[in-house]
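Report on the following structure.
Computed from a predicted model, the values in this text were never measured in an experiment. What you see below is based on every heavy atom in this structure, not just the backbone, and it leaves out hydrogens, waters and symmetry mates. In listed order, ligands and their atoms are each counted from 1.
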Amino acid sequence: MTAAADCAPTAALLPIQQALAQAWPGLTLEWQAEVDSTNMALMRRARAGDASPVLLVAQRQTAGRGRLGREWQSAQQPQDSAASLTFSVGLPLAPKDWSGLSLAVGVSVAESLDSNGAAGLQLKWPNDLWVNDRKLGGILIETASLPNERQLRYVVIGIGLNIGERPATDLRTPPAWLRQWQAQATPLGALSDLAPALVAQVRHFAEHGFAPVAPRFAARDALAGRDVTLSDGRSGRCEGLGAGGELLVRTAQGLEAISSAEVSVRPRGMAV
Ligand code: BTN
């Protein structure tokens, strides 16, 4: 475990480090006060040949990134370190099939944060955590090839969560935050609740793929049965997921499987 820079919460990180190392032998935990983006930091390391299993938490990101090239904004006030949780897990991985990984990650995070289902935490395909059509957090997965490896890649799984209340200014989707149902929630508390299970889920995924997780996604599917608009102009009604995690949408052309990571999907009535 390493903790760089000011006020690093070393003692609080120790039990999380131990739980992580049980879930993935050799996985280390790093905490930094500020980075541009935890995803970018781990991708840079991978491209420089460092494929070590690591979980990097940042108290602040100066250039957080979301899907489709969007920006990921964390806490509005840089001094409010309790307002959000931003971290990335980097792992060498060789699943037989990569499809559905972000969905399996989402299921794990949702279940950890809402174990009894009371919060109604849902998953909005492919990678958003929603509560009542409000966005609690998002997942950004990137991979890097490794020298002399055909199957093995380095996967970087980045997760951003709103912990404290945040204004809706400039957000495409109105925000939700964890303290709406866990009044005492903190970033490290949330990390402790979700990270070991998340890493265990990724190990399980590498072995068994998305199929065993599919019913758990379906139980939290925010789009099931809803009319949606796609950013490429198509529209239709969602009918769950295909075997590889693709979104099934009944359009005027018939049942279409949406798998492109470049397409954004919104329930009808919400801005695309
Ligand atoms: C999305 O909703 O489009 C995905 C958001 C992912 C944000 C997290 S925050 C930690 C990690 N570092 C980044 O730059 N992005 C991810």
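- In N116, the CG atom is crowded: over 12 heavy atoms of neighbouring residues, nucleotides or ligands sit closer than 6.0 Å.
- Taking the side chain to side chain contact (heavy atoms under 4.5 Å, CB included) definition, one finds that T143 meets it with W98, R153, V155, sequence neighbours left out.
- Between T38 and Q32, every side-chain heavy-atom pair lies at or beyond the 4.5 Å cut-off.
- Among protein residues, S37, T38, N39, Q61, G64, R65, G66, R67, W72, T86, F87, S88, D128, K135, G138, I139, L140, G158, I159, G160 come within 4.0 Å of ligand 1, judged on heavy atoms.
- Partners of N132 under the side chain to side chain contact (heavy atoms under 4.5 Å, CB included) rule, at least two apart in sequence or in another chain, do not exist in this structure.
- Counting Ile, Leu, Val, Met, Phe, Trp and Tyr side chains that sit under 4.5 Å apart, directly or through other members, L42 shares a hydrophobic cluster with M43, V54, L56, L146, L152, Y154, V156.
- Of the residues listed (R266, Q122, K124, R226), the one engaging D133 in a side-chain hydrogen bond (donor to acceptor under 3.5 Å, both in side chains) is R226, and it is the only one.
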